[in-house]
Structure formats: C-alpha cells, structure tokens
Amino acid sequence: MKFHSIFLLIFSFVVLSCNGQTSKNVKTIEAKAFAEKIKETPNSQILDVRTPEEFASDHIDNAKNVNWLGNTFVTDAEKLDKSKPVFVYCKSGGRSQKASEKLSELGFTTIYQLDGGILKWDAAGLSKPSDKIIGMCSQEYAELLNSDKKVLIDFYAEWCAPCKKMTPYLLQMQKDLANNVTIIRLNADENKTLMAELKISELPTLLLYKNAAVKWKHSGFISEDDLKKQLQ
C-alpha cells in the first residue's frame with residue numbers, strides 16, 4: 001500500500017513536470033502583443049498552420065505556410081531554427097494550439113501562439129487595409145436589417161465545430177419562427193469585409209437586431225433553449 005502511494009506520487013510529479021515544460025515553451029498571447037513580438041524579433045519565423053487555400057486568401061506578412069492538416073508538417077517544421085522564437089497562428093486558435101504542442105515536442109524552445117487566431121488579428125485592426133470588398137458590403141448588410149420583424153444574423157463557418165452543432169436547430173428555427181424572426185446565416189469566410197467592419201473575432205457570433213439596432217450579441221456555442229429565450 002505504501003509502495004503504491006509512493007508510485008502514484010512519483011507518477012504525478014513526472015506528468016506535472018512534463019506539462020509544465022510544454023506550457024513554458026508555448027506562450028499564448030493576444031494579437032497586439034503578438035505583432036509587437038514579431039517586430040522585436042529579427043527575421044521572425046512565422047508559421048501559418050492553415051490550409052494552402054486559407055493562406056492564399058490572406059495571411060500575416062512574411063508568414064510561411066506549414067499546413068497542420070497536411071502530411072509534411074513535421075518535415076517542414078524541422079527545417080526551422082529551433083533555438084529561435086517561432087510565431088504560430090491559424091484561423092481561430094484550435095489548430096495552432098495543437099501545432100504549438102507538437103513544435104514543443106520537436107524541441108522548439110520559444111513558441112508564441114496567437115490567441116484567437118487571425119480572426120482576432122483582423123478584429124484588432126492589424127491586417128493591411130484593402131479596397132477590395134470580400135462578400136457582402138455594409139449597404140447590403142443594412143438592407144437585411146430593414147424589417148419590421150426581429151432579425152438574427154448568424155456568422156458561422158463550415159470548419160467551426162460549435163457552428164456545426166448549432167446548424168440543425170438554427171435551420172429549423174428559420175422555419176418555425178419565420179413569422180416573428182428573420183434568421184440569416186452568413187459564412188464568415190465568404191464575408192471577410194463585414195467581419196472586419198463589425199469586429200467579429202469569434203465564431204459563431206449571433207447578432208439580434210430590432211429596428212436595425214443591436215439588441216443582443218453572443219459569441220460561441222449557445223443551446224437551442226437559451227437561444228429561443230432571447231428570440232421571444
């Protein structure tokens with residue numbers, strides 16, 4: 001019995017030590033601090049771990065695309081200097097967290113992860129301004145809100161896990177509540193201009209309007225029952 005207790009104590013110490021080492025190597029920081037760290041670091045190693053398609057649509061200056069979902073992540077990462085800081089980001093933070101943990105296992109000593117991904121980066125106004133409108137413009141968006149009914153705007157993405165969970169009941173509510181509420185779903189990846197103008201940095205994000213004014217806003221998962229309460 002005594003031996004068993006000592007074994008558990010040693011095992012717990014080892015596990016905690018390993019976890020502690022990973023957390024020391026990986027520092028998750030908010031967008032503006034991430035940008036400052038990049039400026040302070042000569043020849044910054046910036047890794048965009050999204051897909052090539054996402055990378056082509058927009059990315060942080062001087063970033064290198066090393067797709068976390070691809071087959072060559074480890075091989076490509078091994079080409080970098082492990083003794084120098086590496087800056088990692090994705091769309092919203094999920095993939096970059098996993099990639100950062102892997103980089104730590106590979107021996108990288110200083111890893112900065114962008115909190116909230118490029119969504120937070122864009123919302124912080126750190127992206128280069130563009131004259132090109134991607135998706136719906138603000139005038140078209142305003143026209144959606146011109147209704148005598150409540151209007152619920154759902155900003156979602158196909159890759160977003162909470163969005164996928166909410167999709168079935170949102171589609172059903174579109175039909176069931178049509179007399180009182182207009183529910184409009186907008187793909188965030190296809191409406192980047194609106195995302196930037198509205199400073200939306202998390203998905204899903206729900207905006208409830210009445211007489212074209214925001215009456216309620218929610219980011220992240222919400223249950224069907226809780227959402228129905230807001231729409232009453």
Answer with yes or no whether the hydrophobic clustering places [X] together with [Y]; edges join I, L, V, M, F, W, Y residues whose side-chain heavy atoms lie under 4.5 Å apart.
{"X": "L186", "Y": "I133", "value": "no"}
{"X": "I222", "Y": "I153", "value": "no"}
{"X": "L194", "Y": "W121", "value": "no"}
{"X": "L69", "Y": "L106", "value": "yes"}
{"X": "L145", "Y": "F155", "value": "yes"}

Hey, are the side chains of [X] and [Y] touching, using non-hydrogen atoms and a 4.5 Å cut-off?
{"X": "L203", "Y": "M195", "result": "yes"}
{"X": "T41", "Y": "F87", "result": "yes"}
{"X": "K150", "Y": "T182", "result": "no"}
{"X": "Y209", "Y": "K215", "result": "no"}
{"X": "I60", "Y": "D48", "result": "no"}
{"X": "T75", "Y": "F73", "result": "no"}
{"X": "W216", "Y": "L227", "result": "yes"}
{"X": "C160", "Y": "P204", "result": "yes"}

[atom1]-[atom2] distance between [X] and [Y], expressed to the nearest 0.5 angstrom:
{"X": "N25", "Y": "S100", "atom1": "CG", "atom2": "OG", "answer": "10.5 Å"}
{"X": "E197", "Y": "K199", "atom1": "CD", "atom2": "NZ", "answer": "10.0 Å"}
{"X": "L170", "Y": "R185", "atom1": "CG", "atom2": "CZ", "answer": "5.5 Å"}
{"X": "D189", "Y": "S57", "atom1": "CG", "atom2": "OG", "answer": "7.5 Å"}
{"X": "L144", "Y": "M136", "atom1": "CG", "atom2": "CE", "answer": "4.5 Å"}
{"X": "L206", "Y": "S219", "atom1": "CG", "atom2": "OG", "answer": "8.0 Å"}

Using a strict 4.0 Å threshold on nitrogen-to-oxygen distance, state whether [X] and [Y] make a salt bridge.
{"X": "E202", "Y": "K120", "value": "yes"}
{"X": "E105", "Y": "K102", "value": "yes"}
{"X": "K228", "Y": "E224", "value": "yes"}
{"X": "D58", "Y": "K192", "value": "yes"}

Geometric class of the Y89/F34 ring pair [parallel <30°, tilted 30-60°, perpendicular >60°]: perpendicular
D81 and S83 side chains, donor-acceptor separation under 3.5 Å: yes
Side-chain donor-acceptor pair present, E54, T51, cut-off under 3.5 Å: yes
Considering all heavy atoms, the nearest [X]-[Y] contact:
{"X": "V88", "Y": "A99", "result": "CG1-CB, 4.3 Å"}
{"X": "A77", "Y": "L103", "result": "CB-CD2, 3.7 Å"}
{"X": "K82", "Y": "G107", "result": "CB-O, 3.8 Å"}
{"X": "L126", "Y": "A35", "result": "CD1-CB, 4.2 Å"}
{"X": "L119", "Y": "S92", "result": "CD1-CB, 4.0 Å"}
{"X": "F55", "Y": "A63", "result": "CZ-O, 3.5 Å"}

Steps toward side chain to side chain contact (heavy atoms under 4.5 Å, CB included) verdict (L208, V151): CA-CA 6 Å; L208 180 63; V151 178; over 6 Å; no
Any donor-acceptor N/O pair, [X] side chain to [Y] backbone, under 3.5 Å:
{"X": "H59", "Y": "N62", "answer": "no"}
{"X": "Q174", "Y": "I183", "answer": "yes"}
{"X": "Q97", "Y": "G94", "answer": "no"}
{"X": "N65", "Y": "R50", "answer": "yes"}

Is atom [atom1] of [X] surrounded by more than 12 heavy atoms (other residues, nucleotides or ligands) closer than 6.0 Å?
{"X": "K149", "atom1": "NZ", "value": "yes"}
{"X": "Q139", "atom1": "CD", "value": "no"}
{"X": "N71", "atom1": "CG", "value": "no"}

Steps toward side chain to side chain contact (heavy atoms under 4.5 Å, CB included) verdict (Y156, T205): CA-CA 7 Å; Y156 75 99; T205 286; over 6 Å; no
Criterion side chain to side chain contact (heavy atoms under 4.5 Å, CB included) on I29 and L114, from CA distance to verdict: CA-CA 6 Å; I29 56 179; L114 175 56; over 6 Å; no
L152/L207 under side chain to side chain contact (heavy atoms under 4.5 Å, CB included): CA gap, chis, key distance, verdict: CA-CA 6 Å; L152 179 70; L207 295 167; over 6 Å; no
